[in-house]
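Computed over heavy atoms, backbone and side chain alike; hydrogens, waters and symmetry mates excluded.
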Amino acid sequence: VTSMGDMFAGCSSLASLDLSGLDTSRVTDMNFMFSGCSSLASLDLSSFDTSALAGVYGMFRVCSSLASLDLSSFDTSKVISMHSMFDGCSSLKQVKLGDKFDFRGVRTEPQTKLPEGAWLSMATGEAFTPLQIAEKRSGIADTYVREIPSGDKPGEPKPDDPGTTDPTPDDPGTTDPGTTNPTPDDP
């Protein structure tokens, strides 16, 4: 088998998958392989041999429930197309990358990046943006954990949301910034 493109694409009810016995040593195309697998929560692809891989365009596109991903064995040195690889992975919190994972593939500039947010390196303890990881940390084995700011989590108020401000001790009449409630001393 040389193509696994679209293999599981659109399997929106697929919640788990064991691919540990899959021979991927001759596969060149994994474009959109898991695209639209919106119920998939974690994926361990550490057993994948991707030494012949040329395309991973949109591989995890709209895997909106995907929280953890192990790509520690991925070799992207021959990859020509990897744009939109992680687009729509809004729940992605942890990614394990190996020393052969390069966001550039065969190109000189990064082709893709992780979802937005601050990504904490488990190796260094430093936080990086997705672009910093793509440009400066390609080819460095590491596990990254995304820090999701409060207010970005479903059901949590954003810190700058004026409707959620508590009254301050020095002005008990204030409920919203710029708005004061009349107090008995006010005419």
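- Of all the heavy atoms in S64 and S38, the pair that sits closest is OG-CB, 3.5 Å.
- Of all the heavy atoms in E135 and R104, the pair that sits closest is O-NH1, 3.8 Å.
- In this structure, the separation between CG on N31 and CE on M85 is 10.0 Å, given to the nearest 0.5 Å.
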Exercise for the section: Please report the C-alpha distance between F34 and L45 in whole Å, then the side-chain angles of each, then the deciding distance to 0.1 Å, and finally whether the side-chain contact (heavy atoms from CB on, under 4.5 Å) criterion is met. Expected result: CA-CA 12 Å; F34 302 100; L45 303 180; 4.0 Å; yes
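- Under the 4.5 Å side-chain heavy-atom criterion for grouping Ile, Leu, Val, Met, Phe, Trp and Tyr, L17 is connected to V1 within one hydrophobic cluster.
- In terms of heavy atoms, P115 sits closest to R146 at CB-NH1, 3.6 Å.
- From M82, atom CE reaches atom NZ of K113 across 14.0 Å, with rounding to the nearest 0.5 Å.
- With values rounded to the nearest 0.5 angstrom, Y144 atom OH is found 7.5 Å from T124 atom OG1.
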Exercise for the section: Give the C-alpha distance, both sets of side-chain angles, the deciding distance and a yes or no for side-chain contact (heavy atoms from CB on, under 4.5 Å) between L120 and M122. Expected result: CA-CA 6 Å; L120 185 66; M122 295 292 96; 3.6 Å; yes
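- Expressed to the nearest 0.5 Å, how far CG of D6 lies from CE of M59 amounts to 11.5 Å.
- Taken from CG in D75 to CG in D99, the straight-line distance is 9.0 Å, to the nearest 0.5 Å.
- In this structure, D142 contributes its side chain and S121 its backbone to no donor-acceptor pair below 3.5 Å.
- By the criterion of side-chain heavy atoms lying less than 4.5 angstrom apart, applied directly or through intervening Ile, Leu, Val, Met, Phe, Trp or Tyr residues, L19 is grouped together with M30 in one hydrophobic cluster.
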Exercise for the section: Apply side-chain contact (heavy atoms from CB on, under 4.5 Å) to L53 and K78, showing your working. Expected result: CA-CA 6 Å; L53 196 58; K78 296 179 184 171; over 6 Å; no
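- No donor-acceptor distance shorter than 3.5 angstrom exists from the side chain of T28 to the backbone of A54, with no hydrogens or angles considered.
- Considering all non-hydrogen atoms of both residues, Q111 and V79 come closest at NE2-O, 3.7 Å.
- Taking the six-membered ring where the residue is Trp, F86 and F60 present parallel rings, their angle staying beneath 30° rather than reaching 60°.
- Pairs engaging residues 98-117 under the ring pair (Phe, Tyr, Trp, His ring centres under 6.0 Å) rule: F101-F103 [sequence neighbours left out].
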Practice task
May I have the step-by-step check of side-chain contact (heavy atoms from CB on, under 4.5 Å) for I133 and L114, ending in yes or no?
Solution key: CA-CA 8 Å; I133 294 170; L114 295 173; 3.9 Å; yes
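- Shortest non-hydrogen contact noted between C37 and L14 is SG-CD2, 4.4 Å.
- In this structure a side-chain-to-backbone donor-acceptor pair under 3.5 Å is present from T129 to Q132.
- S73 and F48 get closest at one heavy-atom pair: OG-O, 2.7 Å.
- Within 6.0 Å of CZ in R137 there are more than 12 heavy atoms belonging to other residues, nucleotides or ligands.
- Here S68 contributes atom OG and L92 contributes atom CG; the two are 8.0 Å apart, rounded to the nearest 0.5 Å.
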